[in-house]
Structure formats: structure tokens, C-alpha cells
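I have placed the structure first, in the form of C-alpha cells, so that the comments after it can refer back to it.
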Amino acid sequence: MGTTVDPAAVAAAVEVLRAGGLVAVPTETVYGLAADATNVDALHRLYAVKGRPADHPVIVHIPPGRLDEWAVDVPEVARRLAEAFWPGPLTLVLRRAPRVPDAVTGGRDTVGLRVPAHPVTLALLEAFGGGIAAPSANRFGRVSPTTAAAVREELGDAVELVLDGGPCTIGVESTIVDCSGDEPRVLREGGVTAAELEAVVGRPVPVGGTTAAPGTLPQHYAPRARVELVASSDLAARAEAVLAARERAGVLALRSDLPDALPAVVTLATPGDAREYARDLYRALREADAAGLDVVLAVAPAPEGIGAAVTDRLRRAAASR
Ligand code: TXA
Ligand code: MG
């Protein structure tokens, strides 16, 4: 990945975590706001900083090879998924081991576990040795940060240390697969695609679960600007109308979906494919706010591969008004 790991920064982060503090950490998906997953006081502070309700569970990030310290009754399919996708953008929901405090599970009997693929945070996990609870490093309901600068802007002094690992390479959150019931189910689409899951599980994994998770609330991932989903064929006309209403607009669309002539709007991102769309999405939504735009006109990619996660996040952002 080309990211160099600074051992002094990792050691400093371990100290902060051991002292019950908060560290922002890079992952391949989005930046996380990390606390020692067994320190209940640190977890309370984490929830307070995020402004997150206490009954919402957070993902515990673990070093490679430590699954059985955090989960019990792990089904064979979960082991195969972990084997195939860890380290990587997959979170497994499993029955929790006794050491997992209620504060990370929102009182549930399950826990969300993930081994992230970023070299800096892998080094931190190895050095720390324990589990790190880390929700995305945004305030509750807002856009996840994908750069260290976005984390600082979002959280300011509320975090003791920000580990800078460069821009996130995937750009949308992990895929969450619930393996705590009879059959695996996708609770949130993300960095691992439906086809990749199917190849390991041996059949399609249904999307949608019985457990409500906060990332699955309709209102989520939203900038201050209003997000409107637009068909590519309507984009030019919609941009005209918005400008005529004296609103400031930005456009987010695949390069191939841009019309030849587009009225004067801010081009937030013109990704070449769905992977680039995922990588650019949250940065573009943040830029819309930084530029003080009223509206983001977004053409969603085809909901295939990682395009499914992009479309899901755009729909939630659009549903926020
Ligand atoms: O890519 C990611 O997953 C990022 C990076 C930092 O790892 N993390 C992330 O965390 O997106 P957060 O807290 O913003 O979203 C975690 C999601 C929530 O929707 C939460 O409800 C769900 O995971 N979750 C965690 N534990 C769960 C559990 N035991 N049962 C059901 N859902 C769970
Ligand atoms: Mg989040």
C-alpha cells in the first residue's frame, strides 16, 4: 500500500489507548475513532464524543488470529469468511465471548469483529495486543472521514491523537455479515462485494437482517447539503432548475454519466468506475459542505459490485431530509 509505519507514532497510540484515551486510526475503509474495547470508561467517552446513543453497538478491531478470544460458537462459514477476507473490509457479527463488555455490544449477546487491512492500524493492533473498539470517526449520523484532515475537522480536540495513514483506499465502510443466526445475512453492504461473499459461502448471501443497526437507519452518512439522486439523462435539466432557483449545486457522477453540456455547477468528483466512486464519495460530500453548496446532484452507479455500497450510502444521504 506504500504507507510507511512510524513506530514512534504507533507506540504513542498504544500509550493513549492503555491510559483510556481516544485515538483516530486509518483503515482501508474509513478512519475509525478507537478506544480499548475492554475499558468501559474509555468506551463511554467514545460514545460521548461521537454523540452516539449508548445502545448502538461498535465494531471491535482485533489482531490477526485472535477471533476465538472475542467470539464463541463460531460457525464454520464465519471461519471461512474470516480466512478469505481478513485482514480486509469485512465485519462478522458473532456470539460474544464473556470478556466483551456490554458497552461495545449495546447489551446484545453478539459482537461485531473485524481485522482491518491498513498497515498502520495492523501494527497498532499487534503492539496493543487487545481489541480496539472503533466506530467511524465522524459525529453520529454524519459523513465518515477518509483522510486524517477530515478527522481533525470532524473531531478537533476531542481526540488525543490522530494516526495519519493517508487517504483510505476503499472509501466506504466494511461489509457486515451476521453469522450469529442459522444463515449468514448481510446487515450492511460495503467493501466486500456480493459476488465475493457468494464465492466463499457457496450461495448468495441475503441482504437485510432482523437486528436493527444504526448504520442501517435511513438517515445516515449525510452532509449538510441536500443530496438529490438524479438519473444521468435528467442531470443537465436538474442542474438548470437548481441554478434558476438560485441554489448552489455540485455534481457527483461517473465520468461516463456526465452530459456533454452541464450548466455551471461545481464538479465534486467524476470517478471513472465504481471503485473510484467509492473512494471519492465521502471526500466529495465533505467538499460540498466546505464549499457551502445547497445541493449535491448525484448519479448513482449501477448497484453491482462495490457500486451497491455506494448506491446504499447515496440513498441514505438523500433520505436525510
Ligand atoms: O469499515 C468500517 O466498518 C468502519 C471502520 C472504522 O472499521 N467502522 C464502522 O463503524 O463503520 P460504525 O460504528 O460507524 O458502524 C458499525 C456498524 C453499525 O451499523 C453497528 O450497528 C454495526 O456495525 N454493528 C456492530 N456490532 C454489531 C452487532 N453486534 N450486531 C449488529 N450490528 C452491529
Ligand atoms: Mg459510522
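Read the numbers this way: they start at 1 and go in the same order the structure lists the ligands and their atoms.
Using modelled atom types, one finds a donor on one side chain and an acceptor on the other under 3.5 Å when comparing Thr91 with Ser174. Residues Thr29 and Arg114 have side chains that bring a donor and an acceptor to within less than 3.5 angstrom of each other.
In Val111, the part holding a heavy atom less than 4.0 Å from any atom of ligand 1 is the backbone. Contacts between Asp178 and ligand 1 below 4.0 angstrom, taking non-hydrogen atoms only, are absent altogether. Under 4.0 angstrom from ligand 1, there are no non-hydrogen atoms of Arg96.
Taking backbone and side-chain atoms together, Ser144 has no N/O/S atom less than 2.8 Å away from the Mg ion (ligand 2).
Of the listed options Pro57, Gly171, Ala24, Pro57 places a heavy atom closest to atom 20 (C) of ligand 1. The heavy atom nearest to atom 29 (N) of ligand 1, out of those in Thr110, Asp109, Ile132, is found in Thr110. With Ala134, Ser174, Cys168 as candidates, the residue nearest to atom 8 (N) of ligand 1 on a non-hydrogen basis is Ala134.
Ring-centre distance between His56 and Phe140: below the 6.0 Å cut-off.
Ligand 1 has an N or O atom lying under 3.5 Å from an N or O atom of Arg52, backbone or side chain. At under 3.5 Å, a nitrogen or oxygen of Ser136, whether backbone or side chain, sits near a nitrogen or oxygen of ligand 1. Taking only nitrogen or oxygen atoms, main chain and side chain alike, Thr29 reaches within less than 3.5 Å of ligand 1.
Minimum heavy-atom separation, Val30 to Thr146: CG1-CG2, 4.2 Å.
Residues meeting the salt bridge (charged side-chain N to carboxylate O under 4.0 Å, His left out) test with Arg96, sequence neighbours left out: Asp102.
Note on Leu163: it does not cluster hydrophobically with Tyr31, by side-chain heavy-atom contacts below 4.5 Å among ILVMFWY residues.
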